[in-house]
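Following: one structure in structure tokens, then a few remarks.
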Amino acid sequence: MLTISDAPGAHDVARGEKAVVVGVEFQAKANGRSAVAKLEEAVGLARAIGLDIVAARTFRLRAPRPATLLGKGQTEEIAEIAKANAAGLLIVDAALTPVQQKSLEEEAGTKVIDRTSLILEIFGERAATAEGRLQVELAHLDYQAGRLVRSWTHLERQRGGFGFLGGPGETQIEADRRLIRDRMARIRRELDQVKRTRTLHRDRRQRAPWPVIALVGYTNAGKSTLFNRMTGEGVLAENMLFATLDPTMRDVKLPGFEKAILSDTVGFVSDLPTQLVAAFRATLEEVSSADILVHVRDMAHPDRDAQKEDVEAVLGQLGAGPEEEGAPPLIEAWNKVDLLSHEDRDALLADGRRREDVVVLSAITGRGVERLRDAVGEKLRENAQLHRLKLSASDGSRIAWLHARGEVVGQRTDADEVHVDVRLSPENWARFQALRSA
Ligand SMILES: Nc1nc2c(ncn2[C@@H]2O[C@H](COP(=O)(O)OP(=O)(O)OP(=O)(O)O)[C@@H](O)[C@H]2O)c(=O)[nH]1
Ligand SMILES: [Mg+2]
């Protein structure tokens, strides 16, 4: 087990630990989110790793104090709240520099973690697959390494000649940095190995002719609930942030298709740590290689528009942004409309009717879910071009592929040749050609 001296951010957070959550409202940049919903989300994130939240409050900053971010009076207040509730942990829903974190710890008399490290903790606890675990660990180390560099001056101290790590006079920070570097290199090698295995699996699947539909969206939007509703599966769907971390795929019925695959994916969140975006790029390859994306949105959430922007930003980072060339087509599933008032629901339904890339639904009641199935099937067939193909009669697998992926409008056998007239999307046409040359 790796122990890194006192790198800020390297705390162990225990389940059931009492914690105070502090939201920070910057007066300068109101980003369109309500402070209440933002604080609620931070509390949700903290609960997601089983912390016992004893108090939560948003502080407004006129001018951030460089040393601690929060003002002097504010940190005193926080220290009092923590003390009165016997809380040993303070969660600040913002990004803290290592120096700010350290000073806050001193002033508040508690451990302090920021939003990035909270999210890393959640992912660390939840990742279920070997690959997910390795990726999270890599992200964690990357985060710590960055903080070691920046906190050079206050972490540096001579180790004297005792250390068994490195030679005499090696500073603690050099030793720490070397430990991190070595560990990161080892994880990357392990990841390469896991990835090779996964690529093998994916190749096998890509050769399988079925279209893949990926559910994406903000955490807690209802992706898993919709996934269960559409596949009849029972994956974990809970009122908990980041309930799903590892993608799950199942067969799904789609009108006009023999078979299709639905993929449930990890939820996005605002200010997703860049280390995690990088780390999860591989797992989220499902997203960029899908035939179609369904963006599940919680339309009952006060910040639904800001959430949509966050999701589209992460999709952009994954090369699957709505405007990107070659990105899969996208349908928005406006979910949780059962929670809305009649007027709000009617307004959404009217908006939705005007747009062909929107389906208004409720994954809980099932209302609208069949329309989503239709819309996805239709979108997959859209842009399809007619191709008149001549194949060898012995080429049963490619003929079957065409039937599965495309709409076969005519087929006749002529001695040992089969003529197939088939409508294929441009993506599938490219895939078919790749099959041909394989
Ligand atoms: N009222 C209502 N609740 C819903 C609906 N869809 C999902 N929920 C609830 O929203 C919560 C989150 O649902 P999930 O399906 O776990 O959400 P998710 O998008 O998979 O979340 P993560 O995996 O955490 O990213 C659960 O409590 C669901 O019961 C809906 O249409 N109406
Ligand atoms: Mg889920």
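For ligands, and for the atoms within them, numbers begin at 1 and follow the listed sequence.
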(request) Report the part of N335 (side chain from C-beta onward, or backbone N, CA, C, O) that has a heavy atom under 4.0 Å from ligand 1; answer both or neither where that applies. (result)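 Answer for N335: side chain.
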(request) Using a 4.0 Å heavy-atom cut-off, say whether L339 meets ligand 1 through its side chain, its backbone, both or neither. (result)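 Looking at L339 and ligand 1, just side chain atoms fall under 4.0 Å.
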(message) Quick check on R367: does its CZ atom have over 12 non-hydrogen neighbours (other residues, nucleotides or ligands) under 6.0 Å away?
(response)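 12 or below, so no.
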(message) Any nitrogen or oxygen of D264, side chain or backbone, less than 3.5 Å from one on ligand 1?
(response) no
(request) Give yes or no for whether the N/O distance cutoff of 3.5 Å, strictly under, is met between V337 and ligand 1. (result)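 No, V337 has no N/O under 3.5 Å of an N/O on ligand 1.
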(request) Evaluate the criterion side-chain contact (heavy atoms from CB on, under 4.5 Å) for residue pair F59 and E25; output intermediate values, then yes/no. (result) CA-CA 6 Å; F59 288 91; E25 201 178 359; over 6 Å; no
(message) Can you see whether S224 engages D264 through a side-chain donor-acceptor pair at a distance of less than 3.5 angstrom?
(response) yes
(message) Assess, by modelled atom type and distance only, whether the side chains of T365 and R229 contain a donor and an acceptor separated by less than 3.5 Å.
(response)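 No donor-acceptor contact under 3.5 Å links the two side chains.
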For ligand 1, which atoms, with element, lie under 4.0 Å from some heavy atom of [X]?
X: A363; answer: 6 (N), 31 (O)
X: G267; answer: 25 (O)
X: S224; answer: 15 (O), 18 (P), 20 (O)
X: T219; answer: 22 (P), 24 (O), 25 (O)

(message) With a cutoff of 4.0 Å, is A221 in contact with ligand 1, counting heavy atoms of the residue only?
(response) yes
(request) Under the side chain to side chain donor-acceptor pair (under 3.5 Å) rule, collect the residues that match up with E332, sequence neighbours excluded. (result)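 For E332 the side chain to side chain donor-acceptor pair (under 3.5 Å) partners, ignoring immediate neighbours, are R297, K308, W334.
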(request) List in chain and number order the residues that pass salt bridge (Lys or Arg N to Asp or Glu O under 4.0 Å) with R250, two or more places apart in sequence or in another chain; answer none if no residue qualifies. (result)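 Testing R250 for salt bridge (Lys or Arg N to Asp or Glu O under 4.0 Å), a comparison that skips the adjacent residues, returns E233.
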(request) Using a strict 4.0 Å threshold on nitrogen-to-oxygen distance, state whether E137 and R133 make a salt bridge. (result) no
(request) Dump the intermediate steps for salt bridge (Lys or Arg N to Asp or Glu O under 4.0 Å) on R304 and D298, then the final yes or no. (result) CA-CA 6 Å; R304 64 192 194 195; D298 176 353; over 6 Å; no
(message) At a threshold of 2.8 Å, where the distance has to be below it, does the Mg ion (ligand 2) have an N, O or S atom of T225 nearby?
(response) no
(message) Minimum distance, heavy atoms only, to atom 30 (C) of ligand 1: which one of L361, I364, T365 is it?
(response)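 Of the listed residues, I364 has the closest heavy atom.
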